[in-house]
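Worksheet for the structure shown next.
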Amino acid sequence: MKTQIFKYQSIIILIVGLFAAHGSAKADNGYLVLSTLAWHFDNFDERNAFTPGVGWEYSPSSKLGWHAGTLSDSFGYQSYYGGINYATRSVIAGRIRFLVGASIVHKQFKKNAEPETKVLPFPALEVKLSQRSVLNISGSPAIDFADQKNNAVLFFQYKLQLR
């Protein structure tokens, strides 16, 4: 039941974001997000590297923004996410930005385990590829603390501004 509620909330956030995209895109802050790859440092052979998904991100420089979407996680489960972010101003000839924030993620975190919902950090390096396209590189370090253990991973997302 909790999974269905979170699924519908994520879908509603995504739809609202897409309807709001027109205004966001004009401000050069809204992106259609296409999730592409996940590179796990351990147990890579047990996970899917291709993690297709779609979402929306609103990330104005030096202000709070938000993100929401869905993707097939590294075990093939259809996962959902939503959260807030803060993007820095562009540096290095206007081609690099950093994003930090937090996401509520519902996914399968371990092989053959039930899906869980967790609040996770959202750090990202954004590299401008062209006037309207961006490559996001984000991830999380390996954590082994108390009952919490996860694998280090890098996520790659292609973002496109719709104007």
Side-chain angles (χ1 to χ4, degrees), residues 5-41 48-74 77-107 109 116-143 145 148 150-163:
I5 292 170
F6 187 79
K7 177 180 177 179
Y8 294 124
Q9 288 173 342
S10 298
I11 291 169
I12 289 169
I13 290 170
L14 183 59
I15 290 170
V16 169
L18 290 173
F19 280 120
H22 181 67
S24 299
K26 283 187 173 185
D28 291 336
N29 298 319
Y31 298 92
L32 174 67
V33 178
L34 302 173
S35 299
T36 55
L37 299 171
W39 179 24
H40 291 267
F41 291 89
N48 298 329
F50 181 58
T51 56
V54 64
W56 186 261
E57 178 183 306
Y58 176 70
S59 55
S61 293
S62 301
K63 294 181 182 171
L64 280 179
W66 57 271
H67 52 272
T70 181
L71 69 137
S72 175
D73 71 16
S74 57
Y77 180 79
Q78 191 64 38
S79 62
Y80 305 91
Y81 67 89
I84 58 170
N85 60 57
Y86 177 85
T88 66
R89 294 187 189 279
S90 297
V91 296
I92 308 177
R95 300 196 71 73
I96 305 290
R97 270 193 338 168
F98 297 95
L99 287 88
V100 294
S103 297
I104 298 172
V105 179
H106 180 77
K107 70 179 284 291
F109 287 91
E116 300 176 62
T117 302
K118 294 183 179 182
V119 176
L120 300 174
F122 175 74
L125 168 70
E126 183 180 276
V127 180
K128 191 171 195 173
L129 302 175
S130 70
Q131 186 176 7
R132 293 183 19 202
S133 66
V134 175
L135 176 66
N136 243 29
I137 304 168
S138 66
S140 64
I143 296 173
F145 179 75
Q148 177 69 24
N150 74 309
N151 188 0
V153 62
L154 283 178
F155 293 106
F156 297 87
Q157 295 177 319
Y158 177 76
K159 299 185 339 186
L160 182 64
Q161 287 182 334
L162 303 177
R163 295 184 192 187

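None of the values given here were measured: they were computed from a predicted structure.
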| said: The criterion is ring pair (Phe, Tyr, Trp, His ring centres under 6.0 Å); which residues satisfy it with Phe122, sequence neighbours excluded? | reply: His67
| side-chain contact (heavy atoms from CB on, under 4.5 Å) involving Pro123 - partner list, sequence neighbours excluded | Pro121
| message | Is there a side-chain contact between Val54 and Val33 in this structure, where contact means two heavy atoms from C-beta onward sitting under 4.5 Å apart? | response | no
| message | Are Leu32 and Tyr158 packed together at the side-chain level, in the sense that at least one heavy-atom pair is separated by less than 4.5 angstrom? | response | no
| field | Which residues share a side-chain contact (heavy atoms from CB on, under 4.5 Å) with Ile96, sequence neighbours left out | value | Val91, Ile92, Phe98, Leu125, Val127
| message | List the residues meeting side-chain contact (heavy atoms from CB on, under 4.5 Å) with Ser62, not counting sequence neighbours, and say none if there are none. | response | Tyr86, Arg89
| message | Here's a test for you: under side-chain hydrogen bond (donor to acceptor under 3.5 Å, both in side chains), which of Asp73, Thr117, Thr70 qualifies with His106? | response | Thr117
| message | If we ignore hydrogens and angles and just use 3.5 Å, is the side chain of Ser35 paired with the main-chain N or O of Thr51 as donor and acceptor? | response | no
| note | Distance col, row Glu57:CD vs Asn85:CG, nearest 0.5 angstrom, shows 5.0 Å
| note | Sequence neighbours excluded, the answer for side chain to side chain donor-acceptor pair (under 3.5 Å) partners of Asn136 is Lys159
| message | Any non-hydrogen side-chain atom of Leu160 less than 4.5 Å from a side-chain atom of Tyr31? | response | no
| Can you list the residues that meet the side chain to side chain donor-acceptor pair (under 3.5 Å) rule with Thr88, with sequence neighbours excluded? | none
| request: Please round to the nearest 0.5 Å and tell me the distance separating atom OG of Ser74 and atom CG of Asn48. | output: 7.0 Å
| Rounded to the nearest 0.5 Å, how far does OG of Ser138 lie from CG of Leu120? | 10.5 Å
| request: Name all residues meeting the side chain to side chain donor-acceptor pair (under 3.5 Å) criterion together with Glu116; count only those two or more places apart in sequence or in a different chain, and write none if there are none. | output: none
| task | First locate atom CZ of Arg95, then atom OG of Ser90, and finally report the distance between them rounded to the nearest 0.5 Å. | result | 10.0 Å
| task | Using side chain to side chain donor-acceptor pair (under 3.5 Å) as the criterion, list what pairs up with Lys107, not counting sequence neighbours. | result | none
| query | Of the non-hydrogen atoms in Ser59 and Ala87, which two are nearest, and what is the gap between them? | reply | O-CB, 4.1 Å
| Atom pair OH/CD1 of Tyr80 and Ile104 - distance to nearest 0.5 Å | 15.5 Å
| said: If you compare all heavy atoms of Leu37 against all heavy atoms of Phe50, which two are closest, and at what distance to 0.1 Å? | reply: CD2-CA, 4.1 Å
| Is it the case that Gln157 and Thr36 place a side-chain donor and acceptor less than 3.5 Å from each other? | no
| Would Ser61 and Arg97 count as having a side-chain donor-acceptor pair, cut-off 3.5 Å? | yes
| field | Residue pair Tyr77 / Ser72, side-chain heavy-atom distance below 4.5 Å | value | no
| said: On a heavy-atom basis, which atom in Lys128 and which in Gln131 lie closest, and how many Å separate them? | reply: CE-O, 3.7 Å
